[in-house]
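Basis for what follows: all heavy atoms, side chains included, without hydrogens, waters or symmetry-related copies. Counting convention: from 1, in listed order, for ligands and their atoms alike.
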Amino acid sequence: MGLLRSLVLCTLAACCMARSPPQPPLPLKPRGCNDSDVLAVSGLALQEINRNQKDGYVLSLNRVHDAWEYPQADQGSLFYLTLDVLETGCHVLSKKAWKDCRERTFYQSVYGQCKAIFHINKPRRVLYLPAYNCTLRPVTRRKILFMCPDCPVPVRMDPSNLKVLEAATESLAKYNNESPSKQYSLVKVTKASSQWVVGPAYFVEYLVKESPCSKSQTTCSPQPSDSEPVGLCQGSLTKTPDKTFVSVTCDFFEPQNQVPGGKTSAVDQTSVKLPKENTAPASPHYKPSPSGSVQHLPDLDDEMSEDSQAQNLPEAFPVRLDLTTNPWGEDLDLSFLYIGPDEGKLTVLPFPRKSQHDRCPGPAKDTRPLVLPP
Ligand SMILES: *[C@@H]1O[C@H](CO)[C@@H](O)[C@H](O)[C@H]1NC(C)=O
Ligand SMILES: *[C@@H]1O[C@H](CO)[C@@H](O)[C@H](O)[C@H]1NC(C)=O
């Protein structure tokens, strides 16, 4: 009888334990922004952000602004990263790695901040970026002119700007004229700046696609009208009272090796040390693309003058990344990354506010205040 009762009590206790409310989430750990694993994870997160973009330029990591780690019981960690980034000269369609791209000169700089949530599970060899968001702004014209009164200044991108369009079409005509056979047509202008030399000078960057007409042919081969951009050209058009100068160079994208099935591999795993195992990575399957976007905002000075009525300054780099707003967290299902039935059930917490970690922000590659978000 005594034995039976204690058995019943035991069962009840087990049952109650199982139904007791979930444990509060383990606290987020603030991480040093110069820690080697934080830097490696940040580099991978940015690589995935670039890979996911269809438009704009590859972003490079200038510094880690803030970092938190949220360890998950036997499921690795979620990292919450705030990254200060710089635009490079490579278009995202080139699929170049950010480390292989050069940042722009200061008068062309576009800089900003990304927030990213990154999952890493070293023993299971899983790396995955579920979500990100970035905000970018050009360096203000006022600061450019203050530092360098003769430098070219960015021209606001406006499709109806005929001067910009003229610079693009004239320079592309020059390229086509010098091209032995293949001809290219303009997809869109992606960047423009202007400068007064002895007359107005316009500098443009634009995407091109192959034109169905080659030089020697009188007829044009049929080609889908929605063909992809194949390269990025830089051109300039300078007018002086008695002469016009045109320059052009084009950079063609390397053809991408399409993995059968259309999906390229997930993250390049070389920059994070994963254990060497005979087992294949746990995630051979299809992975949904991360969700996120890169938002382009105007020059901060422009925004302030437009908003001069309101006394409050605009937020310099507003970036939201809210997978949840529940302070107790919410389930994040990443089971598609794993094979086991109970794997990949994570908890995500609201994106934490800035840590007061004494090693954050980390050291910057480009330390000029001009390109560092506050
Ligand atoms: C990312 O930013 C966009 C635009 O600001 C916003 O609508 C979206 O909710 C953000 N994503 C997340 C996960 O917070
Ligand atoms: C960052 O880490 C590197 C390598 O560990 C070290 O050489 C460098 O001094 C650190 N920089 C700062 C500002 O702590």
Problem - Atoms in ligand 1 flagged as close to R320, the criterion being non-hydrogen separation under 4.0 Å - result: 1 (C), 10 (C), 14 (O)
Completion exercise
Atoms of ligand 1 under 4.0 Å from any heavy atom of L321, numbered from 1 in the order shown, are 12 (C), 13 (C), 14 (O)
Problem - Donor + acceptor pair across side chains of D333, S335 (<3.5 Å) - result: yes
Handout entry: Residues E87 and K191 bridged, charged N to O under 4.0 Å
Key = yes
Practice task
Without swapping roles, check the side chain of Y80 against the backbone of L349 for a donor-acceptor pair under 3.5 Å.
Solution key: yes
Are any protein N/O atoms closer than 3.5 Å to the N/O atoms of ligand 2? If there are, list each pair with names and the distance to one decimal place.
{"unit_1": "ligand 2", "atom_1": "2 (O)", "unit_2": "N34", "atom_2": "OD1", "d": "3.4"}
{"unit_1": "ligand 2", "atom_1": "2 (O)", "unit_2": "N34", "atom_2": "ND2", "d": "2.3"}
{"unit_1": "ligand 2", "atom_1": "11 (N)", "unit_2": "N34", "atom_2": "ND2", "d": "2.9"}
{"unit_1": "ligand 2", "atom_1": "14 (O)", "unit_2": "N34", "atom_2": "ND2", "d": "3.3"}

Handout entry: ligand 1 to S293 polar contact by distance, N or O atoms, under 3.5 Å
Key = no
Fill in the blank from the handout: Applying ring-ring contact (aromatic ring centres under 6.0 Å, His included) to Y111 and not counting sequence neighbours gives F317
Practice task
Determine whether the side chains of T347 and Y70 contain a donor N or O and an acceptor N or O closer than 3.5 Å.
Solution key: no
Practice task
Report yes if D322 has an N/O atom closer than 3.5 Å to an N/O atom of ligand 1; otherwise report no.
Solution key: yes
Handout entry: Residue pair Y184 / S179, side-chain donor-acceptor N/O under 3.5 Å
Key = no
Problem - Aromatic plane relationship, H119 with Y338 - under 30° parallel, 30 to 60° tilted, over 60° perpendicular - result: tilted
Handout entry: Check: N133 side chain, R320 main-chain N or O, donor-acceptor pair, under 3.5 Å
Key = yes
